[in-house]
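What you see is a predicted model; the values in this text were computed from it and never measured.
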2 protein chains.
Amino acid sequence: MATRQGLDAETVLQAAIDLADQQGIEQLSLAALATKLTIKTPSLYNHIKGLPDLRKQLSKRGLLLVKEAMVEAVIGKAEDEALLAAGMAYVDFARKQPGLYEAISALPDYEDPELKEVGAGVVSFLLRILAPYGLSEEDALHVVRGFRSMVHGFASLEHRNGFRMGLDRDESLRRLLQTYLRGLRVR
Amino acid sequence: MATRQGLDAETVLQAAIDLADQQGIEQLSLAALATKLTIKTPSLYNHIKGLPDLRKQLSKRGLLLVKEAMVEAVIGKAEDEALLAAGMAYVDFARKQPGLYEAISALPDYEDPELKEVGAGVVSFLLRILAPYGLSEEDALHVVRGFRSMVHGFASLEHRNGFRMGLDRDESLRRLLQTYLRGLRVR
DNA sequence: TATAATAACTAATGTCATTAGTTTTGTAAA
DNA sequence: TTTACAAAACTAATGACATTAGTTATTATA
């Protein structure tokens with residue numbers, strides 16, 4: 001072996017993200033990851049705690065990045081326009097980083113404190129966008145659930161080729177969100 | 001060993017469903033399944049082709065049953081009332097058969113012809129409910145995508161404890177669907 | 001009763017994740 | 001510059017899996 005490369009946790013995580021995005025989260029194994037990094041599998045344990053830990057890191061990073069994408073997308077926008085842009089950004093994220101998105105979505109342990117915190121960050125972001133609607137706290141929380149259900153459901157179905165008709169997908173998403181928002185206006 | 005028990009494919013599938021519902025689809029292994037059936041792992045190969053095949057069977061059965069549940073739920077109902085009932089039935093199914101629901105939803109290979117066919121059955125069921133709305137074919141397909149996104153997204157988030165506020169979940173789903181349906185009316 | 005099909009079995013292989021214990025390497029202190 | 005320590009890599013070993021091949025036993029049928 002040549003000189004050691006001095007991997008760190010972030011490099012390992014990035015390589016794992018690449019693998020997950022390219023081959024799917026199911027195919028992400030420590031063996032494959034070690035091969036990609038040209039080290040032996042047990043050496044990974046210097047940087048991660050194990051496979052479950054790695055998956056958790058992917059989930060957390062995914063949640064952070066998807067929120068970041070939504071924050072970026074709503075700059076200069078408000079109300080319906082902002083919600084539409086946030087929804088599109090969410091789905092676009094799932095398209096561009098499918099493995100990371102799977103990591104968010106195939107998550108078993110949502111009870112983990114770290115993930116709870118990041119998840120709460122997404123919710124409070126959405127609540128801030130909803131502020132101008134003047135909803136009660138309870139109403140707003142129902143809307144947040146609705147919004148998350150729509151975009152997650154759409155992204156998830158699209159990801160698994162659940163939409164098989166030759167129908168424009170962006171248009172489907174736009175209509176879904178707009179129809180919902182229209183319904184919200186006319187209460 | 002005593003007399004052989006004469007297992008068949010259906011019994012094996014049922015046992016697999018039980019395991020998946022109780023412990024989650026991730027925990028469903030051939031080893032665990034064989035133990036439950038008091039046989040050795042290789043004996044399973046008399047009834048299934050392998051683990052991927054078993055998963056596919058679970059997905060197919062899940063799709064069939066969830067459609068059945070929706071069909072049953074809309075008896076005597078039409079339009080908004082029918083769509084609401086179908087959505088509730090979908091989510092209820094995910095609650096009662098979480099493993100089977102995971103099998104539908106964690107599915108990689110949606111290209112499989114058998115699954116394609118069952119999935120198409122769900123879509124045509126929804127199209128029939130939408131008939132009275134007098135939508136164009138294209139509009140109706142967008143609505144079907146929207147409906148599937150909403151209910152799948154909701155069920156999926158709920159399944160992973162994605163809803164952490166102490167807010168009534170049935171109420172959230174009802175509002176989501178009703179808001180969408182209201183938006184559909186007021187175009 | 002004999003035979004064929006089927007359901008079970010044992011044995012073996014290969015892929016994983018994981019742990020324990022060891023060697024090497026880079027860096028920082030003496 | 002040398003020494004010492006921490007970190008990053010390694011080898012070896014274990015145990016859980018899925019899967020295949022080949023074998024035995026049981027049920028049903030001819």
For this session: Check whether any side-chain N or O of A:His47 sits under 4.0 Å from OP1 or OP2 of D:dA9, and answer yes or no.
Result: yes
Problem set entry | Under-4.0 Å salt bridge between B:Arg175 and B:Asp168 | no
Exercise. With no hydrogens and no angle check, do the side chains of B:Thr11 and B:Asp8 hold a donor and an acceptor under 3.5 Å apart?
Worked result: yes
Exercise. When the distance from CG of B:Leu33 to C1' of D:dA16 is rounded to whole Å, what number comes out?
Worked result: 16 Å
Seminar exercise, completed: Side-chain contact check for A:Lys40: nearest option of C:dT18, C:dT10, D:dC10 is D:dC10
Problem set entry | B:Leu51 side-chain proximity, nearest of D:dT19, C:dA17, C:dC9 | D:dT19
Problem set entry | Nucleotide C:dA7, atom C1' - distance to CG of B:Leu7 in whole Å | 9 Å
Seminar exercise, completed: Taking C:dA8, D:dA9, D:dC17 as options, the one with an atom nearest any side-chain atom of A:Gln5 is D:dA9
Problem set entry | Nearest-Å distance for atom pair OH/C1', residues B:Tyr45 and D:dT19 | 5 Å
For this session: Starting from P on D:dC17, measure out to CG on B:Leu54 and report it in whole angstrom.
Result: 15 Å
Problem set entry | CG on A:Asp21 to NZ on A:Lys96, rounded to 0.5 Å | 12.5 Å
Exercise. What is the distance, rounded to the nearest whole Å, between atom NZ of B:Lys49 and atom P of D:dT20?
Worked result: 12 Å
For this session: Provide, to the nearest angstrom, the distance between the CG atom belonging to A:Leu44 and the P atom belonging to C:dT19.
Result: 13 Å
For this session: Select one nucleotide: of D:dA18, D:dA12, C:dA17, the one nearest the side-chain heavy atoms of A:Ser29.
Result: C:dA17
Problem set entry | Nucleotide nearest A:Leu30 when distance is taken to its side chain, options C:dT10, C:dT19, C:dA17 | C:dA17
Problem set entry | Side-chain N or O of A:Ser43 closer than 4.0 Å to phosphate OP1/OP2 of D:dA8 | no
For this session: Can you sort out the partners of B:Thr38 under side-chain hydrogen bond (donor to acceptor under 3.5 Å, both in side chains), two or more places apart, ordered by chain and number?
Result: B:Gln5
For this session: Would you mind reading off the distance between B:Ile48 atom CD1 and C:dA7 atom P, rounded to a whole angstrom?
Result: 13 Å
For this session: Return yes if a side-chain donor-acceptor contact under 3.5 Å exists between A:His159 and A:Glu102, otherwise no.
Result: yes
For this session: Nearest-nucleotide wise, let me know which of B:Asp8 and B:Pro42 is further upstream toward the 5' end of DNA chain C.
Result: B:Asp8
Exercise. Under 3.5 Å, is there an N or O donor on one side and an acceptor on the other linking the side chain of A:Asn46 and the base of D:dA7?
Worked result: no
